Amino acid sequence: MAELNKSFTPEGVEEKWYDYWIANKYFIADPGSETVPFSIVIPPPNVTGTLHMGHALNTTLQDILARWKRMSGFNVLWVPGMDHAGIATQNVVERQIASEGIDRHRLGRDAFVERVWKWKAEYGGKIIHQLKRLGASCDWSRERFTLDEGLSRAVIEVFVSLYEQGMIYRDNRLINWCPRCHTALSDIEVEHEEFDGRLTYIKYPLDGGDGHVVVATTRPETMLGDTAVAVNPEDGRYRTFIGKMVLLPLTGRVIPVVADESVDPKFGTGAVKVTPSHDFNDEAIARRQNPQLDFITVIGPDGRMTEDAGIKYANMDRYECRKAVLQDLKDSGLLVKQEKYRHPIGQCYRCKTVIEPLSTPQWYVKVQPLAEKAVEAVRNGQIKIVPKSWDNTYFAWMENIKDWCISRQIWWGHRIPAWYCKEMRNDICKNKNGIIVYRETPDGCPYCGSGDLVRDDDVLDTWFSSALWPFSTLGWPEKTPELKKYYPTSVLVTGFDIIFFWVARMIMMGIKFMDDVPFRNVYIHALVRDSSGQKMSKSKGNVIDPLVMMRKYGTDAFRFTLAAFAAQGRDIKFSEERVEGYRHFVNKLWNASRFILSNTEGANVPAEIDFEDLDIGSKWILSRLSAVTEELNKTLEEYRFNDAANSIYQFIWHELCDWYIEMVKPILYGESEYREPVRRCLLFVLERTLRLLHPFMPYVTEEIWQSIPGVKDEKPEDLRSIVISGYPKPFGRDRDAEDFMSVIMETVMAVRTIRGELNITPSLEMKVHIKTIDEKVKEVLIGNLTYIKKLARVDVIKIGAGTRKPKGSAIAVRSYVEVYAPLEGLLNIELEIDRLKKEDAKAEKTIALLNKKLLNEDFLKRAPGEIVKKEKEKYDEYMRKRERVRENIKKLYELGGKQ
RNA sequence: GGGCGGAUAGCUCAGCUGGGAGAGCACAGCCCUUACAAGGCUGGGGUCACAGGUUCGAUCCCUGUUCCGCCUACCA
């Protein structure tokens with residue numbers, strides 16, 4: 001095969017074949033086809049994104065599944081797309097216009113949103129090109145965007161119907177507020193991290209009397225908004241205080257001491273300052289009191305103190321204010337002490353700004369009823385999570401789920417389809433809360449006819465539209481053929497970091513609106529970390545760029561590395577050396593193919609192959625091929641990507657290359673009757689192997705496959721591709737051939753060991769005598785002398801039961817054979833005795849172990865008969881072996897070895 | 001505070017339902033044998049974290065301990 005270069009160069013080849021696949025529409029799904037569907041929706045990457053290791057792993061695994069199923073004859077649809085990523089994208093564009101000196105508020109909402117779309121058209125979706133470079137076999141004709149028209153329709157439909165069913169409501173309560181992004185966040189969008197802080201003890205004097213209460217707080221500045229002090233009703237120390245009033249320092253306000261069971265007497269002083277407007281726990285206390293405590297908001301949406309904080313503090317930044325308050329408390333002698341205290345602080349998951357609890361009106365989804373069904377779906381097996389260990393995480397979260405805050409005070413996103421009737425304030429409108437939720441923009445208030453309507457400014461949480469992804473991308477709410485054919489999707493492949501954000505919500509929404517789960521299986525893959533186990537992040541500077549890996553080592557090697565790393569239930573510590581190793585593997589395959597193709601000129605790859613007229617080596621490799629085929633289908637079915645990768649690696653390198661190719665060389669170069677069958681077999685094995693490997697290494701396999709002459713050439717040109725060539729199925733093992741081969745291999749390795757250990761140069765052809773008591777083994781060896789001669793570089797003088805050890809021979813004892821290599825003059829008797837003694841010691845150790853076991857009556861009585869029999873056989877075998885080894889040592893001594 | 005996972009060869013990790021441990025890389029020795037030196041052959045290396053328990057038998061199951069990760073949580 002003159003066309004193949006000496007080594008594989010991915011550049012050019014990758015683009016060439018990707019373009020070819022696209023041009024021939026191999027990835028485009030046909031909902032009209034009768035074949036069994038297999039569908040995946042991609043976890044839509046953010047428009048702002050560039051490909052990172054997580055995407056690379058995620059995409060590779062999905063592509064392996066998609067290609068495998070496509071080759072296996074399924075009707076595969078892999079829907080690609082992107083997420084508009086509300087806050088993240090808005091932040092990016094805000095930064096961009098800031099560099100031009102523009103503020104979004106000055107630009108105005110419509111103009112800003114326009115800018116974001118413009119940005120999206122220009123920079124967004126860079127990641128799509130990168131996914132293509134990875135070889136992703138998505139149906140790009142069905143690419144979707146969470147903010148495109150069809151998806152917006154789905155979002156509105158879901159929102160309005162949930163509202164109509166009372167499952168979406170608006171409420172005013174404390175929410176997580178990001179003062180930088182200027183929006184509400186849901187609970188899971190807050191990341192908790194521990195920091196070294198301080199616990200500040202403050203004295204609150206009793207009003208109209210002696211004495212005081214000391215409270216402890218991590219946020220002294222919020223005291224300006226305190227409306228009570230709470231103690232545990234059972235706490236004897238404070239019992240007399242309950243119901244009394246204390247003087248709130250620095251403000252002159254008088255606030256009550258109240259009782260609440262949530263207060264832990266053991267923490268701090270046992271007395272808590274209560275700031276209902278700025279702390280979730282305090283809000284709960286306030287609402288439990290009768291009458292309810294006052295809410296005084298002292299920190300505003302921008303993180304600055306409000307006027308209610310007092311003239312002195314108003315407009316200060318919250319941290320600046322903390323310093324001021326501490327100083328003032330110190331000055332007034334009310335600051336008792338401060339102690340070091342490590343505690344978690346909530347931060348915005350987009351910008352890491354410290355979250356501020358803030359009381360604002362927001363929209364919520366009542367999730368409990370949805371969650372119950374979603375839990376049930378996993379519990380009863382309608383959805384299978386792999387690995388199973390994630391079930392518990394899922395259940396734990398779902399069972400304690402709180403209502404989902406879905407409104408965001410940003411501009412980039414699905415605007416909430418709600419309007420407020422202004423007239424309602426004048427009691428003209430009969431609509432009790434003035435809220436109008438509509439699928440289309442209403443002309444006027446349907447209740448009072450007023451034309452004075454104002455649309456809600458908020459947009460929906462990005463994850464609201466993502467939650468609909470499995471059916472919105474298939475055309476819902478229309479009844480499309482795609483929806484009918486491909487929903488529920490077959491599998492969702494994703495990282496565990498978005499189980500709550502995304503997976504759980506898709507399940508809830510899918511069941512609610514499609515009356516069926518969104519996917520049958522969920523495969524949760526690991527997080528890719530750096531080689532020392534650290535999370536990759538820009539700030540740590542330990543990010544490995546997938547694009548760099550692909551450029552440096554080729555996409556095939558990179559993909560294979562990811563698959564080989566993807567063991568279930570463990571994070572991936574990525575190391576570049578592994579990629580390098582798999583590049584060697586690509587090269588190995590390449591060269592083996594070169595060898596096969598150049599030695600099979602004139603032959604065509606057969607569609608099927610008959611074991612009968614083949615030599616043992618060929619029967620063996622075919623049997624092994626069938627075994628690995630079975631293994632691959634099985635491991636892929638179980639999402640054991642690493643096992644799949646290792647199996648095919650092992651087969652190609654160590655069975656096909658190290659043994660089979662080496663052993664058939666004499667046949668190929670000589671005039672054996674097996675020459676033609678072997679040539680066919682080589683092509684057959686190569687072609688099937690490439691197909692087995694294709695899902696992992698799409699490019700190099702296609703490149704080689706296209707050079708193999710045979711069946712494909714009869715097909716029309718646009719159907720000639722490994723992509724649609726069919727995934728191999730097991731075709732049967734030949735146990736005899738495998739057994740016989742193991743005898744041959746054992747013999748060859750015995751000679752090689754002698755060579756290696758005694759440092760006999762490979763260029764010297766050794767003469768060996770082989771002793772075996774088994775007639776069948778003898779027959780096999782005699783029938784396959786060519787192999788043994790070639791692989792061990794020996795001339796076999798004698799084989800059989802009566803073979804005796806010639807004088808001055810090196811000896812290797814194996815299960816079925818004993819190999820004697822006469823080495824007159826060459827043999828170092830001492831070295832050889834040492835070697836045999838080592839073997840003797842090994843056997844001795846095993847025998848002792850087995851002996852102990854077999855003398856144990858309990859073992860004989862209770863262990864299964866099959867095991868006992870196996871152990872006995874093993875014992876006998878080792879006894880025989882030891883016997884032979886010892887005999888040989890004795891002979892060597894007789895020959896002159898020193899005792 | 002609760003929950004989950006990990007601890008196996010120098011390094012990175014496999015080891016599915018318990019019968020006595022594997023790979024890749026690294027290391028050592030020998031080979032440029034006409035597919036591949038990005039290669040071939042051979043070899044060394046592990047009381048499977050620690051302590052108990054269940055069992056005829058435990059790397060595997062149970063309990064506890066230590067050390068690492070991660071998730072989750074309104075102890076101010």
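Just so it is clear, the structure is predicted and the values come from calculations on it, not from any experiment. Per chain, numbering begins at 1; letters A, B, ... match sequence-line order.
For the residue pair Lys273(A)/Thr222(A), the side-chain donor-acceptor check at 3.5 Å is satisfied. A donor atom on one side chain and an acceptor atom on the other are found under 3.5 Å apart for Glu189(A) and Ser186(A). Side-chain atoms of Asn232(A) and Asp260(A) include no donor-acceptor pair closer than 3.5 Å.
Considering only side-chain atoms of Ala592(A), the nucleotide from U55(B), A35(B), A76(B) that sits closest is A35(B). Checked against A38(B), A14(B), A76(B), the side chain of Thr218(A) finds its nearest nucleotide in A76(B). With A76(B), C56(B), A38(B) as the candidates, the nucleotide lying closest to the side chain of Asp264(A) is A76(B). Taking every side-chain heavy atom of Pro344(A) into account, A76(B) is the closest of G19(B), A14(B), A76(B). Listed nucleotides C41(B), U55(B), C36(B) differ in distance to Arg862(A); the shortest reach to its side chain belongs to U55(B). Nearest to the side chain of Asn642(A), among A14(B), G19(B), U12(B), sits A14(B). Of all nucleotides listed (C74(B), A76(B), C56(B)), C74(B) comes nearest to the side chain of His192(A). Side-chain proximity of Ile867(A) to G43(B), G40(B), G19(B): nearest is G19(B).
Among the heavy atoms of the strands lying under 4.0 Å from Asp658(A) are primed sugar atoms or P, OP1, OP2 only; no base atom is included. The residue Tyr341(A) sits close only to the backbone: its heavy atoms come under 4.0 Å of sugar-phosphate atoms, none of a base. Residue Pro864(A) is classed as a base contact, given a heavy-atom separation below 4.0 Å to a base. Heavy atoms of Val586(A) sit nowhere under 4.0 angstrom from any nucleic acid atom. Counting non-hydrogen atoms under 4.0 angstrom, Ala863(A) reaches a base of the nucleic acid. The residue Asn400(A) sits apart from the nucleic acid: no heavy atom pair falls under 4.0 Å.
Across the protein-nucleic acid pair, Asp391(A) atom CG and G3(B) atom P stand 18 Å apart, rounded to whole Å. If you measure from atom CE of Met663(A) to atom P of G40(B), you get 17 Å, rounded to the nearest angstrom. The distance between atom CD of Glu283(A) and atom C1' of A76(B), rounded to the nearest whole Å, is 15 Å. Regarding Phe501(A), its CZ atom lies at a distance of 8 Å from the P atom of U72(B), rounded to whole Å. For the pair Glu839(A) CD and G43(B) C1', the interatomic distance rounds to 13 Å; values are reported in whole Å. One interatomic measurement links the two molecules: CD1 of Ile499(A) to C1' of C71(B), which rounds to 10 Å at whole-angstrom precision. Taking atom NE2 on His343(A) and atom P on G1(B), their separation rounds to 17 Å, with Å as the unit. One atom, NE2 of His278(A), and another, P of A76(B), lie 18 Å apart when rounded to the nearest Å.
On a pure distance criterion of 3.5 Å, no polar donor-acceptor pair joins the side chain of Lys861(A) and the base of C56(B).
Nucleotides U47(B) and C11(B) have their P atoms positioned 13 Å apart, rounded to a whole Å. Taking atom P in both G69(B) and C13(B), one finds a spacing of 14 Å when rounded to whole Å. Spacing between A38(B) and A49(B) at atom P, rounded to whole Å, works out to 38 Å. A distance of about 26 Å separates the P atoms of A73(B) and U65(B), rounded to the whole Å. Atom name C1', nucleotides C62(B) and C68(B): the rounded distance is 23 Å, in whole Å. A gap of 44 Å separates the P atoms of G3(B) and G45(B), to the nearest Å. Here, G10(B) and G46(B) have their P atoms 8 Å apart, quoted to the whole Å. The separation of A28(B) from U63(B), taken at their P atoms, amounts to 45 Å, rounded to a whole angstrom.
In this model, the phosphate group of C13(B) is approached by a side-chain N or O of Lys573(A) to a distance below 4.0 Å at OP1 or OP2. Taking only side-chain nitrogens and oxygens, Ser262(A) never comes nearer than 4.0 Å to OP1 or OP2 of C74(B).
Heavy-atom distances to RNA chain B give each of Lys402(A) and Ser389(A) a nearest nucleotide, and the one nearer the 5′ end belongs to Ser389(A). When each of Asn392(A) and Ile596(A) is assigned the nucleotide of RNA chain B bearing its nearest heavy atom, the one mapping closer to the 5' terminus is Asn392(A).
Residue Tyr878(A) places its OH atom among 12 or fewer non-hydrogen atoms of other residues, nucleotides or ligands, all under 6.0 Å distant. In the displayed structure, Glu261(A) atom CD is contacted under 6.0 Å by at most 12 heavy atoms of other residues, nucleotides or ligands.
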Pairs: protein N or O with nucleotides 20-28 of chain B N or O, under 3.5 Å:
unit_1 : atom_1 : unit_2    : atom_2 : d
G24(B) : OP1    : His654(A) : NE2    : 3.3

Short heteroatom pairs, N/O only, protein and nucleotides 29-34 of chain B, under 3.5 Å:
unit_1 : atom_1 : unit_2    : atom_2 : d
G29(B) : O2'    : Asn759(A) : OD1    : 3.4

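The side-chain hydrogen bond (donor to acceptor under 3.5 Å, both in side chains) search around Asn591(A) returns Asn587(A), Arg594(A), not counting sequence neighbours.
For an aromatic pair to be called close, the ring centres must be under 6.0 Å apart, and Phe267(A) with Tyr341(A) satisfies this. Aromatic rings from Tyr553(A) and Tyr582(A) are positioned such that their centres are separated by 6.0 Å or more. Taking the ring centroids of Phe641(A) and Tyr523(A), they lie under the 6.0 Å cut-off. In this structure, Tyr394(A) has its ring center no closer than 6.0 Å to that of Phe496(A).
Nucleotide C50(B) is matched to G64(B) when pairs are restricted to Watson-Crick or G-U wobble geometry with both distances under 3.5 angstrom. Nucleotide G69(B) is matched to C4(B) when pairs are restricted to Watson-Crick or G-U wobble geometry with both distances under 3.5 angstrom. As the counterpart of C30(B), G40(B) is assigned, both hydrogen-bonding distances of the Watson-Crick or G-U wobble pattern falling under 3.5 Å. When Watson-Crick and G-U wobble pairs are counted only if both distances are under 3.5 Å, A35(B) pairs with no nucleotide at all.
Relative orientation of the Trp653(A) and Tyr649(A) rings is tilted, given thresholds of 30° and 60° on the angle between their planes.
Applying side chain to side chain contact (heavy atoms under 4.5 Å, CB included) to Phe241(A) and the options Val257(A), Val231(A), Asp235(A) leaves one that passes, Val257(A).
Look at Glu844(A) and Lys837(A) and you find no salt bridge, because none of the NZ, NE, NH1 or NH2 atoms lies under 4.0 Å from a carboxylate O.
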